[in-house]
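Notes follow the structure.
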Amino acid sequence: MRLILPLLLLAAHPAAAQVLVVHGGAGTIRREDMTPALDSAYRDALRGALERGYGLLERGGTSLDAVEAVIVMLEDSPLFNAGRGAVFTSAGTVELDAAIMDGATGAAGAVAGVRHVKNPVALARMVMARSPHVMLAGEGAEAFAKEQGVRLVPQKYFFTQRRWDALQAAKQARQRGTVGAVALDRQGRLAAATSTGGTTNKRPGRIGDTPVIGAGTYADSGCAVSGTGHGEYFIRNVVAHDICARLRYKGETLARAAESVVMEKLVGQRGEGGVIAIDGAGNVATPFNTDGMYRGWVSPSGPVVVKIYRDE
Ligand code: ASP
């Protein structure tokens, strides 16, 4: 019996094919506003992150490690509104939110309003793994970071001319570019992670949907979602959890559930944004109701796919 049981367990959980999906934010992203150089810089950054995360999954790594690694790479890029390239608050400061969730265990970690943490997603993972809490905010989160040996960076690390100019122009257009990742590993475990600087010109202290488990980030044993868009709508509609709950309780397909929430519910309220979502069978959905969403995915069935605009 002792010998047979592990074999039965193995048979019940055959190695799944790994799948990884990323987003780099949804919003007013139009071809006519892009230079060819910027367009390819975004595509290269997304492709690089997908290749890195997928490599981990192919070597048998966990979906949790993959989503963290992908988000750290995108946080380090000045192109995205997360980590290094984060947008400014109305006070000219940078305040970062991030979350990570392990669908296999239901464990989750999040940080909100941190100002000196280079990789908020890594700190969110530490909150999950090394504290009894789910979310830490502001100074308390940074004190925890120091205790964990995380090197804090000065606010000037996050200064990018582009975001500064965007703050000055913020009254005209809201700049977005949150990053997110969802993954399915070979053991069939799902995970989600999201990281953001929030919305340009936000009030200091404002916290969006990204670190709110169930709103901007959620994973369970059958579904994982990372969102991007107007965070207040994602919080009110508990978007990420709603999508997963539709699969679980209504038996909807992933595509139908993600479509209903993003293209019907949110659109009905004029809540702009999109999600990346994956289910336990490796199905992927990436609906968005904005002009564009930086997005990409990779699975054993084809090469890395990267897209930006609505019409591609
Ligand atoms: N959802 C993020 C927030 O509201 C922003 C974004 O995705 O662009 O904080």
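One-based numbering, in listed order, for ligands and for the atoms of each. Heavy atoms only: backbone and side chains are in, while hydrogens, waters and symmetry mates are out.
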Indicate whether the side chain of Ser226 and that of His23 have a donor and an acceptor atom separated by less than 3.5 Å.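 Present: a donor and an acceptor within the cut-off.
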Pairs of nitrogen or oxygen atoms closer than 3.5 Å, one from [X] and one from ligand 1: do any exist?
X: Asp97; answer: no
X: Thr196; answer: no
X: Gly229; answer: yes

Could you work out, for atom 6 (C) of ligand 1, the closest of Asn81, Thr178, Leu96 by heavy-atom distance?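 Among Asn81, Thr178, Leu96, the closest heavy atom to atom 6 (C) of ligand 1 comes from Thr178.
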Carboxylate-amine/guanidinium contact Asp76 Lys118, below 4.0 Å: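 A salt bridge is present here (some side-chain N lies under 4.0 Å from a carboxylate O).
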Would you verify whether the NZ or CZ of Arg84 falls within 45 degrees of the ring axis of Tyr157 while also being under 6.0 Å from that six-membered ring's centre?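 The answer is yes, since Arg84 meets both limits relative to Tyr157.
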With a 4.0 Å heavy-atom cut-off (strictly under), which part of Arg206 contacts ligand 1: side chain, backbone, both or neither?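 The part of Arg206 near ligand 1 is the side chain, not the backbone.
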[X] neighbourhood, listing ligand 1 atoms whose heavy-atom distance to it stays under 4.0 Å:
X: Thr228; answer: 6 (C), 7 (O), 8 (O)
X: Asp209; answer: 1 (N), 2 (C), 3 (C), 4 (O), 9 (O)
X: Gly208; answer: 9 (O)
X: Gly231; answer: 4 (O)

Taking all non-hydrogen atoms of both residues, which atom of Ser195 and which atom of Ile71 are closest, and how far apart?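 That closest heavy-atom pairing would be CB-CG2, 3.5 Å.
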Any donor-acceptor N/O pair, Asp220 side chain to Gly222 backbone, under 3.5 Å: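 Answer holds: yes.
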Any donor-acceptor N/O pair, Asp185 side chain to Gln187 backbone, under 3.5 Å: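 Confirmed, Asp185 side chain pairs with Gln187 backbone.
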With sequence neighbours left out, what residues match Glu264 under salt bridge (charged side-chain N to carboxylate O under 4.0 Å, His left out)?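 Partners of Glu264 under the salt bridge (charged side-chain N to carboxylate O under 4.0 Å, His left out) test: Arg256.
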